[in-house]
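Read the numbers this way: they start at 1 and go in the same order the structure lists the ligands and their atoms.
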Amino acid sequence: MATEPPKILEIDVNANERFSRIKAAFLCKFGRAPEFYARAPGRVNLIGEHIDYCGYAVLPMAIEQDIVTAVAENTSGIVNLANTNSVYPDYNVAVDKVVIDKSQPHWYYYFLCGFLGLKEHLGEVTCHGMDCLVDGTIPPSSGLSSSSAMVCCAGLATMHANHKSMSKVTLAEVCARCERYIGTEGGGMDQSISFLAEAGKAKLIEFNPLRASDVRLPGGAAFVITNSLAQMNKAASSHFNMRVVECRLATKVMAKTKGLAWRNITKLGELHEKLGLELPEMVRLVEETLHCEPYNRDEVCSLLGIASEELEASVLSENTRDANSFKLYQRAKHVFGEAARVQQFRRVCQEAQSGSDAEVMSRLGELMNDSHASCRDLYECSCPELDKLVECCLKSGAVGSRLTGAGWGGCAVSLVPVGEIEAFQLLLKERFYVEAPHSRLLAYNSMFATQPVMGAALYKEA
Ligand code: ADP
Ligand code: NG1
Ligand code: MG
């Protein structure tokens, strides 16, 4: 239940290879055993890309790959952070001196986003110091939400280390807010599924208010993740925020054209609600009210009747302050089209029992293919490696394939008939990974069929 706190489970650490390894590393680092462990999963988004921050529903599921943090309280008032992967250096900071530098998205800032978010939410004058050792299995910067798994894991660990309890929904909302401290203005899909996921179920995540409902995926369908091996750190570039800003601007320009109080409307979903239209009508409205050529700063300022300073203060973000070209038509058209595809995907899943397996698969596959085309052509959040991978997946037995997560690199998710997973993976190894700049060995870790797993939880040694 979303209104309950995350579960506290008992674990036989000695019988669990991963937890034993984490415990040993913690002992080695801090000279004592951890008091508890927090775990938060990554996710794969099946459909609904770049629309959560516009207020629209998305359809992800949690994956086995996760972030686990071993934790023990300390009395020194310091957050000591260490990582099992030596790529990520140790860091420590006093609980009252935490500052997140947006210009340098170091790994520990993601952890500290979760720490700070919880600290502020709990309204504690001060939080306990904590010794923390992080161990992650989600390929980073690859669209499977390693960043949010880290933020959620840190938030959950901080809550428990301070002897507090909160519902999964509240934790998801707090963590969605505080991940923005790193600079990216994300929606909330990643933190929501990390907390609200249930084993065996994909979820339709809706916002305002945040809620998750079960989506039963057809039995014959497997969702296979493949990694393009191109990485993209979302906080280290302005690509992500630029899209958020373009959607915000499109909202305001369209709202002004329709005579609405545009200053108070920030999301395309709010505009949609105010106009009371259907999604296909919103697509038509984009075609009628916006032009295909990019807008420049002067044009949007003159359309809204504002000065450049107001644009910077109320629409642009810190890292898009100097932007001067905005593709409003293309971004808005993607958002309304993608929101409609999420509704259709869910409907096909609901009606799956009445159709043949092949028919259901082909309808879902088509929606995924259309989603990728829209991300590539209208939203421009794909990249050559991803386009090549998606094409390769489709030629190797996938019924549908699309980029997942923010894009500009990272993973594709493919719909593959259950009986054909092995053949699909073999073909991909030969066709995609043989040419990839990395070895075939890496390919082995870059493809996996997913099973929806449960959301974040706490573990105590039995
Ligand atoms: P995504 O969320 O798609 O994986 P982001 O660019 O949003 O990609 O976040 C990736 C960042 O998260 C990494 O650059 C790193 O700082 C942090 N991160 C992810 N996994 C780990 C890990 N196991 N240990 C430390 N930091 C991690
Ligand atoms: P990733 O790729 O996991 O960083 C981002 C956003 C989501 C969503 C997707 C695109 C964050 C934390 N995550 O995900 O909210 O907008 O892109 O659908 O900003
Ligand atoms: Mg991320």
Closest protein heavy atom (residue, atom, distance) for atom 14 (O) of ligand 2: Asp190 OD2, 3.2 Å
Atom 2 (O) of ligand 2: the protein heavy-atom neighbour that sits closest, reported with distance to 0.1 Å: Ala406 N, 2.9 Å
Arg180, Lys267, Lys102, Arg248 screened by salt bridge (charged side-chain N to carboxylate O under 4.0 Å, His left out) with Glu185, the one that passes: Arg248
Proximal atoms of ligand 2 relative to Ser145 (non-hydrogen, under 4.0 Å): 3 (O)
Within the 6.0 Å centroid threshold, strictly below: Phe36 and His160: yes
Spatial distance of atom OG (Ser314) from atom NZ (Lys252) [nearest 0.5 Å]: 6.0 Å
Atoms of ligand 2, numbered as shown, that sit under 4.0 Å from any heavy atom of Lys234: 1 (P), 2 (O), 4 (O)
From CA spacing to verdict: side chain to side chain contact (heavy atoms under 4.5 Å, CB included), Leu46, Val44: CA-CA 6 Å; Leu46 301 181; Val44 57; 4.3 Å; yes
Nearest protein heavy atom with distance in Å, relative to atom 12 (C) of ligand 2: Glu179 OE2, 3.2 Å
Nearest-neighbour protein heavy atom for atom 16 (O) of ligand 2, which is reported as residue plus atom name and distance: Asp52 OD1, 2.8 Å
Atoms of ligand 2, numbered as shown, that sit under 4.0 Å from any heavy atom of Glu49: 10 (C), 18 (O)
Proximal ligand 2 atoms for Tyr53, defined as those under 4.0 Å from one of its heavy atoms: 16 (O)
Partners meeting side-chain hydrogen bond (donor to acceptor under 3.5 Å, both in side chains) with Ser317 (sequence neighbours left out): Asn319, Thr320
Closest approach of any protein heavy atom to atom 9 (C) of ligand 2, naming residue and atom: Met189 CE, 3.8 Å
Nearest-contact summary for atom 5 (C) of ligand 2 - protein heavy atom, Å: Phe240 CE1, 3.6 Å
Between His334 and Asp377, a side-chain donor and acceptor under 3.5 Å: no
Pairwise distance NZ(Lys429) to CD(Gln425) - rounded to 0.5 angstrom: 7.0 Å
is_close_aromatic(Tyr37, Phe26), centroid dist under 6.0 Å: no
Candidate pair Asp135 and Thr84, rule side-chain hydrogen bond (donor to acceptor under 3.5 Å, both in side chains), full reasoning: CA-CA 5 Å; Asp135 182 71; Thr84 53; 2.6 Å; yes
Inter-residue atom distance Asn74.CG - Asn92.CG, 0.5 Å rounding: 10.0 Å
Per-atom contacts of ligand 2 with Gly187, taking only distances under 4.0 Å to non-hydrogen atoms: 15 (O)
Glu179 and Gln191 side chains, donor-acceptor separation under 3.5 Å: yes
Under 3.5 Å: N/O of His50 near N/O of ligand 2: yes
Distance (rounded to the nearest 0.5 Å) between Leu196 CG and Leu171 CG: 9.5 Å
Shortest protein contact, atom 3 (O) of ligand 2 (heavy atom only): Arg43 NH2, 3.0 Å
Asp96 and Lys119: CA distance, side-chain angles, deciding distance, salt bridge (charged side-chain N to carboxylate O under 4.0 Å, His left out) verdict: CA-CA 10 Å; Asp96 294 327; Lys119 182 171 181 280; 3.5 Å; yes
Counterpart residues, ring pair (Phe, Tyr, Trp, His ring centres under 6.0 Å), relative to His239 (two or more places apart): Trp408
Atoms in ligand 2 with a heavy atom of Gly143 nearer than 4.0 Å: 2 (O)
Close approach of Gln191 to ligand 2, heavy atoms, under 4.0 angstrom: yes
Salt-bridge contact Arg341-Asp370 (side-chain N to carboxylate O under 4.0 Å): no
Selection from Cys54, Ser148, Gly186 by shortest heavy-atom distance to atom 19 (O) of ligand 2: Gly186
Separation between OG of Ser382 and CG of Leu403, rounded to the nearest 0.5 Å: 5.0 Å
The Mg ion (ligand 3): protein N, O or S atoms [distance under 2.8 Å]: Ser147 OG
Approximate separation, where rounding is to 0.5 Å, of Met254 CE and Ile265 CD1: 11.0 Å
For ligand 1, what N or O to protein N or O distances fall under 3.5 Å?
| unit_1 | atom_1 | unit_2 | atom_2 | d |
| --- | --- | --- | --- | --- |
| ligand 1 | 2 (O) | Ser146 | N | 3.3 |
| ligand 1 | 2 (O) | Ser147 | N | 3.2 |
| ligand 1 | 2 (O) | Ser147 | OG | 3.0 |
| ligand 1 | 3 (O) | Gly143 | N | 2.9 |
| ligand 1 | 3 (O) | Lys234 | NZ | 2.8 |
| ligand 1 | 4 (O) | Ser141 | N | 3.0 |
| ligand 1 | 4 (O) | Ser146 | N | 3.0 |
| ligand 1 | 4 (O) | Ser146 | OG | 2.6 |
| ligand 1 | 6 (O) | Ser141 | OG | 3.4 |
| ligand 1 | 6 (O) | Lys234 | N | 2.9 |
| ligand 1 | 7 (O) | Ser147 | OG | 3.0 |
| ligand 1 | 8 (O) | Ser141 | N | 3.4 |
| ligand 1 | 8 (O) | Lys234 | NZ | 3.4 |
| ligand 1 | 14 (O) | Asn233 | ND2 | 2.9 |
| ligand 1 | 24 (N) | Asn83 | ND2 | 2.9 |

